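For reference, the structure is listed below as structure tokens.
Each residue takes its place number in the sequence, starting with 1. Indexing begins at 1, ligand by ligand and atom by atom, following the structure's order. It should be emphasised that the depicted structure is a prediction, and the values quoted were computed from it without experimental measurement.
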Amino acid sequence: MVICPDPARRAGRARYVRGVAQLLLVEDDAAIRSALIRALSERGHAVSSTPSAMEALQLVVDAPPDLIILDLGLPDLDGYEALRMLRAVSTVPVVVATARDDEADIVRALDAGADDYLVKPFGAGQIEARVRAVLRRVAADGKGAEPIVVGALRLDGQAHEATLHGRRLDLSRREFDLLHYLAARAGQVVTKRELLTQVWRMPYGGADKTVDVHVSWLRRKLGESAQQPVYLHTIRGVGIKLAVPPQPEPR
Ligand code: CA
């Protein structure tokens with residue numbers, strides 16, 4: 001089912017102006033779907049919807065929305081798998097709606113590329129506020145701006161591409177976001193709490209070791225280690241700092 005198809009969507013242009021967005025709702029529960037469509041439409045958003053993950057993937061390719069609200073419990077595809085497939089073809093922000101509320105499931109969804117999550121049941125006001133917050137963040141992210149260059153490291157937020165000495169780094173979305181966040185603040189110590197809040201969107205709870213694990217993956221991909229850091233420095237008891245290497249590195 002597709003509601004309010006808009007020719008502008010076909011052109012794939014950025015349409016998020018004055019807080020109104022093209023949303024794609026992927027939800028197989030007909031009652032939840034119609035309630036959300038009504039609530040989000042009343043707030044001025046244009047809402048398309050489908051009960052199928054596979055159809056959602058097709059829609060995202062054909063007519064990218066500004067944001068996707070994705071139910072993790074879909075009949076045709078596991079929600080995490082759907083998220084991974086989505087991330088392979090698109091950087092469109094995703095808010096996951098899930099009935100599972102334990103931290104491991106939420107971390108898994110965020111690591112698979114979700115930008116935010118809501119635990120069911122939730123009110124229309126809450127999801128609309130989350131949608132607005134994610135869209136504001138994406139707009140303010142600076143990811144549309146100039147690439148960030150720190151030493152031999154170059155991060156292109158628009159292309160979601162990171163290179164070191166001109167060689168492309170194979171980073172997950174979360175790794176890229178973490179590196180991008182740190183690189184945008186090169187030379188500053190960023191606390192793990194800030195990273196959990198800003199990169200993982202987990203202001204409450206959230207385990208510091210989530211950050212540690214991702215930093216260690218990033219180090220491996222950058223070819224450095226905690227013992228011999230080049231870019232990523234752990235400041236014990238404070239946080240993580242991305243530093244400009246003092247000298248040009250040997251290639
Ligand atoms: Ca469902």
*Of all heavy-atom pairs between A82 and L57, which one has the smallest distance, and what is that distance?*
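Answer, listing the atom of A82 first, then L57: O-CD2, 4.1 Å.
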*Quick one: salt bridge (Lys or Arg N to Asp or Glu O under 4.0 Å) pairs with a partner in residues 233-245, sequence neighbours left out?*
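Listed by first then second residue: nothing to list.
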_Salt bridge present between D28 and R33 (N-O < 4.0 angstrom)_ =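 Looking at R33 together with D28, the answer is no, because their closest N to O distance does not fall below 4.0 Å.
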_NZ or CZ of R185 within 45° of Y181 ring axis and under 6.0 Å_ =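 Because its charged atom sits under 6.0 Å from the ring centre and within 45° of the axis, R185 does stack over Y181.
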Taking distance alone, no hydrogens or angles, what donor-acceptor pairs closer than 3.5 Å link side-chain atoms of residues 67-75 to residues at least two apart or in another chain?
from, atom 1, to, atom 2, distance (Å)
D71, OD1, G73, N, 3.1
D71, OD1, K120, NZ, 3.0

_Restricting to side-chain hydrogen bond (donor to acceptor under 3.5 Å, both in side chains), what partner residues turn up for D115, sequence neighbours left out?_
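Listed in chain order: R87, R173.
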*asked:* For the Ca ion (ligand 1), what is the number of protein N, O or S atoms at a distance under 3.0 Å?
replied: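 My tally for this metal is 3.
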